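Position 1 is the first residue of the sequence, and the numbers go up from there. Just so you know, these numbers come straight off a predicted model, no measurement behind them.
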Amino acid sequence: MMQTEEILALLQEVGEQVVTPRFRALSADQVMEKNPGDLVTVADREAEVLITARLQAAYPGMLVVGEEAVAGDPSLLTAARTTQDFFTVDPIDGTKNFVHGSIDHAMMIGEVRGGQPVRAWIWQPEHHAAYVAERGAGAYRDGQRLEPRIPQEPADGRTSDRAMIGRTPAGFEPLSLTWVSCGIDYPKLAVGECDYLLYRSVMPWDHVPGALIVAEVGGAVGYLDGGAYDAGSLAKPLLAAATQELFESVRGPLLGL
């Protein structure tokens with residue numbers, strides 16, 4: 001078993017080895033499309049291979065659901081929906097940002113046990129910021145515990161769905177764009193730079209880490225019918241809010257959009 005600090009160190013080591021050296025230094029042949037507009041780089045692929053190998057060595061037989069591995073073998077995602085214990089790996093979350101030279105990208109690992117996120121790691125290499133959470137033990141930024149907070153008035157709502165930008169839930173302000181990286185968005189929510197997030201894409205490697213971090217600072221992540229986040233589900237949309245009260249007050253108006 002790897003201690004929480006060891007897995008954070010793994011992310012940081014791999015980032016230093018294969019991600020950061022490629023930042024703003026990618027050649028054209030190092031950037032590909034998995035699908036139209038869905039970018040992947042050599043750094044994504046190399047980082048995931050290294051991270052996955054270390055996790056599998058420490059946890060023999062444990063399922064590791066990596067974004068790039070699933071692109072090659074979709075059955076891994078199906079397995080994640082039927083098993084209770086697995087890791088998620090997002091080697092570079094916000095690949096478009098990374099390719100376009102934005103510092104708003106992150107590396108993420110999540111651990112799921114009994115169908116629930118139990119540990120989470122987000123490393124933002126260009127921000128030099130680490131976010132870590134353990135279920136029931138709190139969430140931390142660079143070793144400092146994050147505390148629950150009161151949402152702003154009016155609440156600042158963000159969405160990654162560009163078709164929803166400018167739409168206005170009844171009683172709330174218009175939605176604006178997220179930072180286009182869950183590994184940036186969820187920490188922003190946790191520390192108070194926005195108040196709720198609405199997502200249409202719900203892949204587990206994007207949401208397991210952030211969902212736990214937000215929950216550990218008193219927030220809520222779930223669905224517009226009121227159900228709590230399920231790491232094995234692909235139900236959408238997904239709502240994350242700074243408090244349970246805000247989650248309940250905004251989900252109805254969002255249903256009406």
Hphob cluster co-occupancy, [X] + [Y], side-chain heavy atoms under 4.5 angstrom:
X	Y	result
Val180	Ile103	no
Val14	Val132	yes
Leu11	Val89	yes
Val214	Val250	no
Val202	Leu224	no

Any donor-acceptor pair under 3.5 Å linking the side chain of [X] with the backbone of [Y]?
X	Y	result
His207	Ser201	yes
Asp93	His105	no
Glu67	Pro91	no
Thr52	Val49	no

Considering all heavy atoms of both residues, which atom of [X] and which atom of [Y] are nearest to each other, and what is their separation?
X	Y	result
Pro187	Gln124	CG-NE2, 3.7 Å
Ser181	Asp104	CB-O, 3.7 Å
Leu189	Ala242	CD1-N, 3.9 Å
Glu216	Gly138	OE1-N, 2.8 Å
Pro204	Leu234	CD-CD2, 4.2 Å
Glu193	Asp156	O-OD2, 3.6 Å

Let's go through Asn97 and Trp179 carefully: what are the C-alpha distance in whole Å and the side-chain angles of both, what is the deciding distance for side chain to side chain contact (heavy atoms under 4.5 Å, CB included) to 0.1 Å, and is it a yes or a no? CA-CA 9 Å; Asn97 289 353; Trp179 292 263; 5.7 Å; no

Between [atom1] on residue [X] and [atom2] on residue [Y], distance to nearest 0.5 Å:
X	Y	atom1	atom2	result
Leu63	Phe86	CG	CZ	7.0 Å
Arg135	Gln116	CZ	CD	5.0 Å
Glu68	Trp205	CD	CH2	8.5 Å
Arg158	Leu198	CZ	CG	13.5 Å
Leu26	His100	CG	NE2	10.5 Å
Leu76	Thr83	CG	OG1	12.0 Å

Side chains of Gln244 and Glu248: donor-acceptor distance under 3.5 Å anywhere?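 Yes, because at least one side-chain N or O of Gln244 sits under 3.5 Å from a partner of the opposite role on Glu248.
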
Evaluate side chain to side chain contact (heavy atoms under 4.5 Å, CB included) for Trp121 paired with Glu111, printing each intermediate quantity in order. CA-CA 9 Å; Trp121 301 264; Glu111 183 180 358; 4.0 Å; yes

On the 0 to 90° scale, with breaks at 30° and 60°, tag the [X]-[Y] ring pair as parallel, tilted or perpendicular.
X	Y	value
Tyr199	Tyr186	parallel
Phe172	Tyr196	perpendicular
His128	Trp123	perpendicular

What I'd like to find out is whether the side chain of Thr243 reaches to under 4.5 Å of the side chain of Pro148, using heavy atoms alone.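 A side-chain contact is absent here, since even the closest heavy-atom pair is not under 4.5 Å.
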
pair Tyr223-Asp230: side-chain heavy atoms closer than 4.5 Å: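 Counting from C-beta outward, Tyr223 and Asp230 do come under 4.5 Å.
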
With side chain to side chain contact (heavy atoms under 4.5 Å, CB included) as the test, would you mind laying out the steps for Leu55 and Ile7 before giving the verdict? CA-CA 9 Å; Leu55 291 175; Ile7 294 183; 4.2 Å; yes

Asp161 vs Thr159, side-chain hydrogen bond (donor to acceptor under 3.5 Å, both in side chains): CA-CA, chis, key distance, verdict: CA-CA 5 Å; Asp161 183 352; Thr159 181; 5.3 Å; no

Considering residues, nucleotides and ligands other than [X], do more than 12 of their heavy atoms fall under 6.0 Å from its [atom1]?
X	atom1	value
Ile165	CD1	yes
Glu16	CD	no
Arg141	CZ	no
Glu245	CD	no
Gln144	CD	no

Could you go through the side chain to side chain contact (heavy atoms under 4.5 Å, CB included) check for Leu8 and Tyr140 one step at a time? CA-CA 12 Å; Leu8 175 59; Tyr140 294 79; over 6 Å; no

Do you know which of Glu6, Glu48, Glu13 makes salt bridge (Lys or Arg N to Asp or Glu O under 4.0 Å) with Arg54?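 Between Arg54 and the candidates, salt bridge (Lys or Arg N to Asp or Glu O under 4.0 Å) is satisfied uniquely by Glu13.
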
side-chain hydrogen bond (donor to acceptor under 3.5 Å, both in side chains) partner of Thr95, chosen from Asp44, Asp90, Asp38: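 By the side-chain hydrogen bond (donor to acceptor under 3.5 Å, both in side chains) criterion, Thr95 pairs with just one of Asp44, Asp90, Asp38: Asp44.
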
Worked verdict on Arg24 versus Glu126 for salt bridge (charged side-chain N to carboxylate O under 4.0 Å, His left out): CA-CA 11 Å; Arg24 297 177 179 166; Glu126 296 301 321; over 6 Å; no

